[in-house]
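Proteins get letters first, then strands, A, B, ... in listed order; numbering begins at 1 in each. Computation of the quantities below employed the complete heavy-atom set of this structure, encompassing side-chain atoms and omitting hydrogens, waters and symmetry-equivalent molecules.
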Protein chains: 2
Amino acid sequence: MKRNTWQREAVREALDDTEGFISAQALHGALHQTGSPIGLATVYRALGDLAANGEADSLQSPDGESLYRACSTTGHHHHLICRNCGLTVEIAADEVETWAQKVAADHGFTGAAHVVDVFGLCANCTKLLAAGE
Amino acid sequence: MKRNTWQREAVREALDDTEGFISAQALHGALHQTGSPIGLATVYRALGDLAANGEADSLQSPDGESLYRACSTTGHHHHLICRNCGLTVEIAADEVETWAQKVAADHGFTGAAHVVDVFGLCANCTKLLAAGE
DNA sequence: CGCTTATTGATAATGGTTGTCAAAATCAGG
DNA sequence: CCTGATTTTGACAACCATTATCAATAAGCG
């Protein structure tokens, strides 16, 4: 039997309140900041369940972390993420949308979804690191 | 200065001899089976170099492993992946490259890398699932 | 050949993720 | 509103892929 716990609900809400992808660790941290004493293992479990149920989307960052996102087909957009400070900028990408659909269709693929996220160093971190090195 | 070692050559050849993607660990294992005493760390380094030079392709498996493959087309490109059977098609995406660079630059980001992968159902699986459901 | 220096490789360290298991919480039924 | 069966939680250990360390090795140059 499947039981409803406030923890699972908390994870779902935290994910809903998050723009774009977030790592399990970051989500756990965010929950803690709001005073929730939820455990890390529970966050992983809840995210895994959500992903298995199709309520969340997951992908792997270039660093090998698992990132999760609330699965809302509405309001599709992409992200520009600073790999140093985590700053995230939303980016519209109509060209990419059409490109993805076209590419998929050209190869006979259907039900095309796509993962398009750009990682880099934001202006600030670029400056900081340039000075540091 | 960059030196040529038999180890790097061995990794390149082992990768060439491999169909599809292979993990660093598996490649290391395969090399050992042929009697090569190459070290694991060296395999990782060699694969990283190959990927950096565009001679190899890398992606993350759903398990979080890094998978590598000898690159047919030298240069950066992306993937169209069937989410049912795992079929992978390489796709050139010049438009997306320039788009990613432009977007990053517009926001002051440097060192832009990007994750651009399209998931869908290949023609075959589309047919199979349509029949099955 | 000998020197300089990049490279190697055994091993330790790292870090995200998953397993463990006792304690707490949930739900159903009385 | 209790009670009991059972699921879920969560602190922590275990895992495992990957990366860093660093002394020893070997490539390339003169």
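- Ring orientation note: the planes of A:H32 and A:H28 are tilted relative to one another, at an angle of 30° to 60°.
- What separates CD of B:E9 from P of C:dT8 is a distance of 12 Å, to the nearest Å.
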Derivation and outcome, side chain to side chain contact (heavy atoms under 4.5 Å, CB included), residues A:L15 and A:Y68
CA-CA 8 Å; A:L15 201 60; A:Y68 296 88; 4.2 Å; yes
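- For the pair B:A24 and B:V43, the tightest heavy-atom approach, listed with the atom from each and the gap, is O-CG1, 3.8 Å.
- If you run side chain to side chain contact (heavy atoms under 4.5 Å, CB included) between A:I22 and each of A:L67, A:L47, A:L27, A:D17, only A:L27 comes through.
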Per-nt protein contacts along nucleotides 17-30 of chain C (heavy atom under 4.0 Å; B base, S backbone sugar-phosphate only, - none) come out as BBBB----BBS---
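- Taking atom CG of residue B:L47 and atom P of nucleotide C:dT8, one finds them 12 Å apart after rounding to whole Å.
- Of the charged side-chain nitrogens involved, none lies within less than 4.0 Å of a carboxylate oxygen, so that B:R12 and B:D16 do not count as a salt-bridged pair.
- A search for side chain to side chain donor-acceptor pair (under 3.5 Å) contacts involving B:D49 returns B:R8, not counting sequence neighbours.
- In this structure, B:Q25 and B:Y44 have side chains that are in contact, with non-hydrogen atoms separated by less than 4.5 Å.
- Defined by atom type and a distance below 3.5 Å, a donor-acceptor pair is present between the side-chain atoms of A:T110 and B:T126.
- The footprint of chain A on DNA chain D, defined by a heavy-atom cutoff below 4.0 Å, extends from D:dA5 to D:dA11.
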